[in-house]
There are 2 protein chains.
Amino acid sequence: MGRGMKEARLGGGDTRSVSQFARVPKSTFRAHIVDGLRQAILRGDMEPGSPLIEANLASQFGVSRGPLREAMRQLIDEGLLVTVPYTGTHVVDLSVEDVREIYSIRVNLEIFAFEQIWPRRDAQFRDGLVRRHEALTQCIDAQDDAASISAELELHGFVYEAAGHRILLKTWESIRGRLQLYWAAHHRAHGIRGPRRDGHDDYVRTALGDNFEDLRQEITGHMARGGSQTEAFLASRVQEPIAPPSLPSAANDAGTTAAAASRARELSKSVE
Amino acid sequence: MGRGMKEARLGGGDTRSVSQFARVPKSTFRAHIVDGLRQAILRGDMEPGSPLIEANLASQFGVSRGPLREAMRQLIDEGLLVTVPYTGTHVVDLSVEDVREIYSIRVNLEIFAFEQIWPRRDAQFRDGLVRRHEALTQCIDAQDDAASISAELELHGFVYEAAGHRILLKTWESIRGRLQLYWAAHHRAHGIRGPRRDGHDDYVRTALGDNFEDLRQEITGHMARGGSQTEAFLASRVQEPIAPPSLPSAANDAGTTAAAASRARELSKSVE
DNA sequence: AGGTGATCGATTGTCAACAATCTTTCATCT
DNA sequence: AGATGAAAGATTGTTGACAATCGATCACCT
């Protein structure tokens with residue numbers, strides 16, 4: 001049926017017309033779907049725990065199941081989806097332990113990022129940081145919570161990008177998705193989100209200052225504040241997945257498949 | 001064909017099963033191929049930079065291209081393969097910068113791992129560490145270089161497992177592959193590998209001691225030694241790329257997430 | 001000769017159908 | 001009734017064929 005419609009779809013959905021001489025990204029359906037799906041998940045179009053069925057998503061994206069499966073596989077590796085063979089794939093439902101881990105390793109990674117860039121901080125770095133801080137403040141003033149989440153992630157993410165450390169950046173990106181996912185859920189549940197308007201003033205100030213130790217302490221404290229707030233919220237939920245076995249190397253489990261599947265009620269809304 | 005095999009890989013997690021009622025064997029061709037391919041790559045069956053063609057591998061594994069593609073996609077995400085759409089997929093060829101990044105972040109992650117487990121070190125931890133250290137020493141004495149590499153990775157990996165931090169562990173695993181890949185190449189090129197027999201004595205001693213600061217310095221020094229040795233090797237070979245002529249270490253990333261990393265990195269330098 | 005454009009082979013991307021497996025439902029038995 | 005087991009429906013896993021793209025080769029034009 002749709003063999004000949006590929007070109008039209010490809011040209012229509014892409015927004016890369018103004019590149020001066022930038023390498024045109026070789027387009028693949030898979031790449032587009034990864035972006036679209038990730039965006040849909042992070043935007044909260046599908047609640048944590050809700051199932052994703054390949055056939056539906058494939059038709060919604062207008063492609064066949066092949067490319068869609070590969071895209072899903074990538075999001076699984078990113079930690080945004082969890083899957084059980086022959087059974088189903090769901091949006092990840094973060095446990096208290098997960099969020100705790102994210103915050104704890106964030107402290108470590110972000111300090112490492114600053115170690116990398118500390119002697120190389122220049123005007124460009126300063127401007128980038130300040131600009132993103134201002135953007136964040138404006139979003140908070142406008143009480144646009146979704147934008148505030150993105151702006152805060154942009155602010156922190158800028159440090160990772162500026163560090164010029166590819167492995168570090170990739171690690172951050174794999175964490176960022178889940179962090180954003182959690183913040184979105186937190187926001188939906190609590191109505192209002194938490195970042196105070198001056199929550200990042202000290203962060204930016206010490207980041208541009210001359211005392212690394214001050215920055216280290218600020219980051220530690222910053223994360224501790226976010227972490228405790230986070231855990232309080234998660235603890236208030238009754239969900240509480242299975243306690244991991246008391247040993248290291250606890251395999252991650254999406255909880256009992258029956259519970260997860262039956263709990264999944266809201267089917268996927270339109271994704272586009 | 002036979003479907004009832006073993007080994008299952010849940011998304012993101014490892015194929016570990018613990019309790020007596022562990023989730024069993026749901027088999028997937030993809031899971032088997034991922035393991036087999038990874039093993040082949042790490043074992044050095046295919047040189048860094050050599051191409052992987054889907055049709056050949058598919059017939060070689062006795063499956064169709066679908067599952068094989070998904071398996072390759074996972075190894076791409078792990079950083080063991082690099083791909084260019086419509087063009088080809090190759091075993092990653094690490095650059096000096098890559099190895100430098102690996103070593104630098106290893107210092108950070110391993111110290112973090114010890115921070116996590118430091119107050120919880122018990123007899124089991126001590127035994128595990130000592131046992132792996134002995135295994136490593138034996139491999140070195142036997143002059144079995146391949147086994148030495150695995151043993152050394154087992155020793156360090158044990159710390160990450162014992163930390164009980166899933167994100168940390170996954171990050172380590174994503175690094176471990178490339179590290180092993182590099183060590184194998186190093187070994188093939190130099191004939192003999194480098195770890196002195198007593199190279200880890202101080203490491204294990206401080207890891208089981210009472211002074212965290214000593215351990216921190218030992219790890220930093222340990223990695224610095226490995227790193228400098230590494231860079232000397234890579235620098236010596238920088239003028240002589242491998243057999244495949246038009247090769248890649250310049251722009252080795254796919255149109256997926258890795259592209260974003262490199263793109264962001266370039267952006268931080270260029271104007272905007 | 002040097003550059004230019006078409007052609008061919010090889011490889012990856014995509015599709016639609018088929019097979020295996022899981023979950024649920026419902027009839028059956030104790 | 002409660003448990004047990006078989007059939008049905010739904011979803012994922014797998015396959016082989018087809019289409020799009022890339023790189024190299026070679027004829028052709030200036």
Side-chain angles (χ1 to χ4, degrees), chain A residues 1-11 13 23-34 50-74 76 81-90 254 256-264 267-268, chain B residues 1-11 23-34 50-74 76 81-90 244-248 251 254-256:
Chain A
M1 155 164 45
R3 279 287 165 82
M5 306 171 68
K6 288 197 260 188
E7 293 80 5
R9 168 168 298 279
L10 227 168
R23 190 97 52 84
V24 177
K26 295 156 191 171
S27 200
T28 345
F29 284 178
R30 179 185 60 251
H32 284 268
I33 296 169
V34 166
S50 58
L52 286 78
I53 50 188
E54 299 177 355
N56 291 2
L57 289 175
S59 67
Q60 285 185 26
F61 277 99
V63 299
S64 108
R65 278 179 55 213
L68 185 112
R69 277 173 61 89
E70 295 183 1
M72 284 177 64
R73 206 62 55 182
Q74 178 167 333
I76 290 169
L81 300 178
V82 291
T83 186
V84 179
Y86 286 108
T87 301
T89 304
H90 304 79
T256 68
T257 55
S262 64
R263 185 176 299 270
L267 44 156
S268 56
Chain B
M1 18 180 76
R3 281 291 149 76
M5 298 178 175
K6 56 189 182 326
E7 192 116 49
R9 172 195 149 77
L10 298 201
R23 204 66 148 195
V24 234
K26 287 167 200 165
S27 167
T28 314
F29 284 178
R30 179 183 60 251
H32 283 269
I33 296 169
V34 166
S50 58
L52 286 78
I53 51 189
E54 298 177 356
N56 292 2
L57 289 175
S59 67
Q60 195 168 330
F61 276 99
V63 300
S64 114
R65 277 179 54 214
L68 185 113
R69 278 173 61 89
E70 296 181 0
M72 285 177 64
R73 203 63 53 183
Q74 178 169 334
I76 290 168
L81 301 178
V82 292
T83 185
V84 179
Y86 286 107
T87 301
T89 304
H90 305 78
S246 68
L247 226 291
T256 56

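Basis for what follows: all heavy atoms, side chains included, without hydrogens, waters or symmetry-related copies. Below, chain A is the first sequence line, B the second, and so on; all start at residue 1.
One distance of note links CG of A/Leu57 with CG of A/Leu68; it measures 5.5 Å at 0.5 Å rounding. Rounding to the nearest 0.5 Å places CG of B/Leu52 at 9.5 Å from CD of B/Gln60.
For the pair A/Glu70 CD and D/dT14 P, the interatomic distance rounds to 13 Å; values are reported in whole Å. The nearest whole Å value for the distance from the CZ atom in A/Arg30 to the C1' atom in C/dG13 is 8 Å. As a whole-Å value, the separation of A/Leu68 CG from C/dA16 P is 14 Å.
Residue-level contact check: B/Gly66 touches the bases, meaning some heavy atom is under 4.0 Å from a base atom. Counting non-hydrogen atoms under 4.0 angstrom, B/Pro67 reaches a base of the nucleic acid.
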I'd like a list of close polar pairs between nucleotides 6-9 of chain D and the protein, N/O only, cut-off under 3.5 Å.
none

Give every pair of a protein N or O atom and an N or O atom of nucleotides 8-12 of chain C that lie under 3.5 Å apart, one pair per line with the distance.
from   : atom 1 : to      : atom 2 : distance (Å)
C/dT12 : OP1    : B/Leu52 : O      : 3.1
C/dT12 : OP2    : B/Glu54 : N      : 3.1
C/dT12 : O3'    : B/Tyr86 : N      : 3.3

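Heavy atoms only, all atoms of each residue included: B/Ile33 and B/Ala71 are closest at CG2-CB, 3.6 Å. Counting all heavy atoms, side chain and backbone alike, A/Met72 lies closest to A/Leu81 at O-CD1, 4.1 Å.
Listed by chain and residue number, nothing satisfies the side-chain hydrogen bond (donor to acceptor under 3.5 Å, both in side chains) test with A/Arg73 (two or more places apart in sequence, or in another chain). Scanning for side-chain hydrogen bond (donor to acceptor under 3.5 Å, both in side chains) contacts around A/Ser64 gives an empty result, with sequence neighbours left out.
Among residue pairs with one or both ends in residues 51-63 of chain A, those qualifying as salt bridge (Lys or Arg N to Asp or Glu O under 4.0 Å) are A/Glu54-A/Arg65, A/Glu54-A/Arg69; sequence neighbours excluded.
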